[in-house]
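Structure first, commentary second.
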Amino acid sequence: MSFRDWQKYCPPFWTLLIASAFLRIGLIIYSEWHDACSVVKYTDVDYRVFSDAARFLFHPSKDNVAHGPLTSKLSLIVGNPYNRETYRYTPLLALLLFPNELIHASFGKYLFAACDLVNGVLIYRLLLTSVLSRPPTSNDTKPLDEKRQSGDAENTRTADAKAWATFLAATHLLNPFVFSISTRGSSESILCTLVLLTLYYALHRRWDAAAVMLGISTHWKIYPVIYGVSCVAAIAAQTRPTSGWGFTFAKSLVCTRTLRFGILSAVTFFLLGAFCFLIWGHPFLYEAYLYHADRLDHRHNFSPYFYLTYLTYPGQSASLDDHALSLARRLLRSPLTSFVPQLSLSLGTGLLLGRRTQDLPFAWFVQTFAFVLFNRVCTSQYFLWYTLFLPLLAPHVRFSWWSVVVWAGVQAVWLAEAYKLEFLGEDVFFGLWLRSLLYVGGHAWVLGNIMTGYALGVMT
């Protein structure tokens with residue numbers, strides 16, 4: 001059955017959106033019942049951290065006061081969300097969740113679910129306006145009957161595009177991975193909204209708005225800064241088209257429009273950061289940004305770096321010769337060990353793949369995939385950062401089912417071993433590390449396969 005045959009059965013987008021909203025509302029209501037009746041909670045532990053941070057922010061006390069330069073000078077009484085251990089986010093998130101105290105404890109979940117729906121709308125609009133759209137043709141010189149035939153064909157293409165866009169948006173809105181993350185109380189959907197807004201403005205070549213949104217996104221979480229490289233490459237290609245990758249290309253990256261984009265983005269980022277620093281001081285700077293540069297997370301996660309950190313973690317190798325291993329420890333624990341390959345690939349692919357504005361969704365997907373794959377810490381919710389772009393790539397990629405099998409299969413192999421460590425208490429650190437290497441190799445192969453599929457899809 002061809003797409004033409006079954007697209008008439010595809011519901012309107014707004015029907016899909018309403019169904020997605022009711023699905024999320026039902027899961028949030030269920031989560032309240034489940035948490036009250038079960039030892040194993042549905043709600044993510046991070047949501048409790050967010051809620052506690054909001055409580056600290058809006059209920060200052062003698063031991064809970066912000067000590068930023070401005071609050072200290074003006075004797076302002078503002079609570080400190082960073083008094084909540086493990087809160088390592090912008091204070092704006094705690095500010096958004098204040099209704100958890102005023103209205104209902106699940107307000108934040110509804111907010112995150114609403115952002116999920118906004119993301120679905122943005123994906124749908126991006127598909128119609130940028131991904132599936134075709135340049136208009138002029139029919140002014142055609143006879144009347146040809147105009148009518150052309151108009152009928154255009155209407156058919158529009159209906160097909162809407163059905164196709166609805167189907168692809170459904171792969172996000174009805175994705176269990178997506179709606180379970182937001183309804184459990186993870187804030188990733190807010191970040192996804194900011195990133196998609198940045199992409200929307202970039203694809204419509206509204207670069208000033210894209211720069212501002214990129215600055216906001218980077219303030220919210222630092223990794224979207226990598227998208228600035230591909231945006232600069234796209235702006236430079238529009239302003240000074242060049243071929244090749246030598247000095248001429250490097251020179252083309254520096255022009256009035258790219259400088260304007262970079263300055264606007266940086267000013268937005270630093271203004272937000274300065275505002276937060278003036279109120280909350282060094283705790284904001286360290287917990288939101290600096291902590292992630294020297295983070296030592298020896299708990300098991302998909303990244304193979306966890307085992308190196310575990311072996312060199314203070315107290316883990318006390319019986320060994322500390323002097324002999326000090327250099328090795330410093331090397332293994334240094335952020336440069338992961339940052340060099342991670343940023344080289346993330347930024348390099350942005351320059352390489354971002355030269356055409358219409359390729360930005362693909363460039364951002366590859367950049368994010370490489371960033372997550374080589375990050376020092378990687379958990380399942382990080383995968384949402386790059387799967388967000390898959391509906392925008394689907395029309396131009398020749399997907400292989402083997403990619404899906406390998407992508408999910410290496411995770412399943414890793415999780416099976418992690419279960420032995422987490423729940424059975426078995427000493428399987430080395431075996432888990434080997435499976436982490438398998439995860440890196442498997443996902444690297446998947447990324448290469450998708451890049452090849454995109455090249456074939458674009459050429460055809």
Side-chain angles (χ1 to χ4, degrees), residues 40-50 85-90 93 108-109 112 115-116 175-192 195 220-224 226 287-289 291-310 313 335 337-339 341-342 346 365 367-390 406-423 428-429 431-444 446-447:
V40 180
K41 306 301 182 184
Y42 179 89
T43 301
D44 195 306
V45 66
D46 283 345
Y47 188 72
R48 300 190 186 94
V49 174
F50 303 154
E85 292 183 7
T86 72
Y87 182 77
R88 300 188 175 97
Y89 309 87
T90 171
L93 175 58
K109 294 182 181 179
F112 302 153
C115 287
D116 256 355
N175 187 337
F177 181 62
V178 173
F179 62 67
S180 64
I181 285 179
S182 61
T183 57
R184 292 185 67 223
S186 174
S187 65
E188 297 298 332
S189 59
I190 296 180
L191 176 65
C192 291
V195 168
W220 198 267
K221 190 161 285 187
I222 198 68
Y223 87 86
I226 63 178
E287 298 292 352
Y289 302 119
Y291 165 81
H292 301 281
D294 60 356
R295 179 178 182 180
L296 292 178
D297 196 336
H298 67 287
R299 297 296 300 272
H300 56 283
N301 62 84
F302 285 106
S303 172
Y305 290 112
F306 95 88
Y307 191 52
L308 304 180
T309 304
Y310 172 77
Y313 201 74
T337 305
S338 61
F339 284 173
Q342 181 186 37
S346 299
F365 170 81
Q367 286 182 273
T368 314
F369 201 123
F371 185 92
V372 171
L373 186 60
F374 292 96
N375 200 33
R376 289 176 65 85
V377 178
C378 179
T379 60
S380 294
Q381 67 185 34
Y382 288 16
F383 301 150
L384 182 61
W385 297 354
Y386 60 79
T387 56
L388 176 70
F389 302 112
L390 283 176
V406 172
W407 185 81
V410 294
Q411 293 178 58
V413 171
W414 187 92
L415 290 169
E417 193 73 359
Y419 174 82
K420 298 177 184 177
L421 177 62
E422 183 73 17
F423 294 97
V428 292
F429 279 96
L432 193 59
W433 176 67
L434 292 178
R435 284 158 177 79
S436 293
L437 295 178
L438 179 64
Y439 150 78
V440 172
H443 278 212
V446 170
L447 177 58

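If you're wondering where the values come from, they're calculated on a predicted model, not measured in any experiment.
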Applying ring pair (Phe, Tyr, Trp, His ring centres under 6.0 Å) to Tyr47 and not counting sequence neighbours gives none

One should read off an interatomic distance between Phe371 CZ and Ile226 CD1, to the nearest 0.5 angstrom, of 6.0 Å

CZ (Phe302) and CG (Leu373) are apart, to the nearest 0.5 Å, by 11.5 Å

In short, Glu417 meets Val428 closest at the heavy-atom pair OE2-CB, 3.4 Å

Those residues at least two apart in sequence (or on a different chain) that pass side chain to side chain donor-acceptor pair (under 3.5 Å) with Asp46 are none

| Ser346 side-chain N/O to Ala370 backbone N/O, donor-acceptor pair under 3.5 Å | no

Smallest heavy-atom separation, Gln381 atom then Glu188 atom, equals NE2-OE2, 3.3 Å

Between the CG atom in Leu432 and the CG atom in Leu438, the distance rounded to the nearest 0.5 Å is 11.5 Å

All heavy atoms of Phe177 vs all of Leu384, minimum pair found to be CE2-N, 3.7 Å

Heavy atoms of Tyr305 and Phe374 approach each other most closely as CE1-O, 3.7 Å

Taking every heavy atom of Cys378 against every heavy atom of Tyr382, the minimum-distance pair comes out as CA-CD2, 3.7 Å

Ring pair (Phe, Tyr, Trp, His ring centres under 6.0 Å) filter on Tyr289, not counting sequence neighbours, yields Phe269, Phe284

dist Leu388:CG -> Phe365:CZ (nearest 0.5 Å) comes out at 11.0 Å

Ring pair (Phe, Tyr, Trp, His ring centres under 6.0 Å) filter on Trp407, not counting sequence neighbours, yields Phe383, His443

So OG1 of Thr90 and CG of Leu93: to nearest 0.5 Å the spacing works out to 7.5 Å

By side chain to side chain donor-acceptor pair (under 3.5 Å), Trp433 pairs with (sequence neighbours left out) none

Test of ring centre spacing under 6.0 Å for Phe50 and Tyr89: yes

Heavy-atom closest pair (Ser436 atom, Asn301 atom, distance to 0.1 Å) is OG-O, 3.8 Å

*Could you walk me through whether Trp385 and Val195 pass the side chain to side chain contact (heavy atoms under 4.5 Å, CB included) test, one step at a time?*
CA-CA 9 Å; Trp385 297 354; Val195 168; over 6 Å; no

To the nearest 0.5 Å, atom OG of Ser380 lies from atom CH2 of Trp414 at 7.5 Å

Practice problem: Could you tell me whether the side chain of Ser303 and the main chain of Arg376 form a donor-acceptor pair under 3.5 Å? | Solution: yes

Tyr223 meets the side chain to side chain donor-acceptor pair (under 3.5 Å) criterion, sequence neighbours left out, with none

Arg88 side chain to Glu287 main-chain N or O, any donor-acceptor pair under 3.5 Å? no

- Message: Within the 4.5 Å heavy-atom criterion, are Val377 and Phe306 side-chain neighbours or not?
- Response: no

